[in-house]
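First up is the structure itself, then whatever we jot down about it.
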Amino acid sequence: MSKRHAFICTSCTLNGAPRGSCNKKSSPELLQYLTEALEDAGLSDDVEVTFTGCVNGPVMVVYPEGVWYGNLDEDAIDRIVEEHLEGDTPVADLQI
């Protein structure tokens, strides 16, 4: 069982068709980047990743803490992986 669960908005329909603001801001690519960053950090077994429909992002929420992050880009994901998911300290300046 995973220690944490990260939900990231991708603005895609169930069949994968792109739509919404998150998709225009490269959310599907950020989802892939997050998955690779977790693998690189050795956390792929500890953090389950699920994509969601649009929540006006790109945004991500990490459970069980219930911490919401906004304005995601690759640098933000790197910080979340390193500081929160590895270091157990939520990244205050990225929270919404």
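Model, not experiment: these values are computed from the prediction.
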Go through R4 and V67 one step at a time and tell me if the side chain to side chain contact (heavy atoms under 4.5 Å, CB included) criterion holds.
-> CA-CA 11 Å; R4 290 197 171 95; V67 175; over 6 Å; no
Might you confirm whether atom CG of D45 has over 12 heavy atoms from other residues, nucleotides or ligands at distances under 6.0 Å?
-> no
Closest heavy-atom contact between L30 and L72?
-> CD1-O, 3.5 Å
Nearest 0.5 Å please: distance from the CD atom of E65 over to the OG1 atom of T89.
-> 10.0 Å
Approximate separation, where rounding is to 0.5 Å, of D40 CG and T35 OG1 = 11.0 Å
Give, for atom CD1 of I77 and atom CD of E82, the distance between the pair rounded to the nearest 0.5 Å.
-> 13.5 Å
Which residue pairs pass the side-chain hydrogen bond (donor to acceptor under 3.5 Å, both in side chains) test with at least one member in residues 67-76, sequence neighbours excluded?
-> Y69-H84
When every non-hydrogen atom of A6 is compared with those of L34, the smallest separation belongs to CB-CD2, 4.5 Å
If you draw a 6.0 Å radius around CD in Q95, do more than 12 non-hydrogen atoms from other residues or ligands fall strictly inside?
-> yes
Would a distance-only check, ignoring hydrogens and angles, find a side-chain to backbone donor-acceptor pair under 3.5 Å from S27 to C9?
-> yes
First locate atom CD1 of I96, then atom CE of M60, and finally report the distance between them rounded to the nearest 0.5 Å.
-> 10.5 Å
Apply salt bridge (charged side-chain N to carboxylate O under 4.0 Å, His left out) to E39 and list each qualifying residue two or more places apart in sequence or on a separate chain.
-> none
Mind listing the closest non-hydrogen atom pair of V81 and L38 along with its distance?
-> CG2-CD2, 4.0 Å
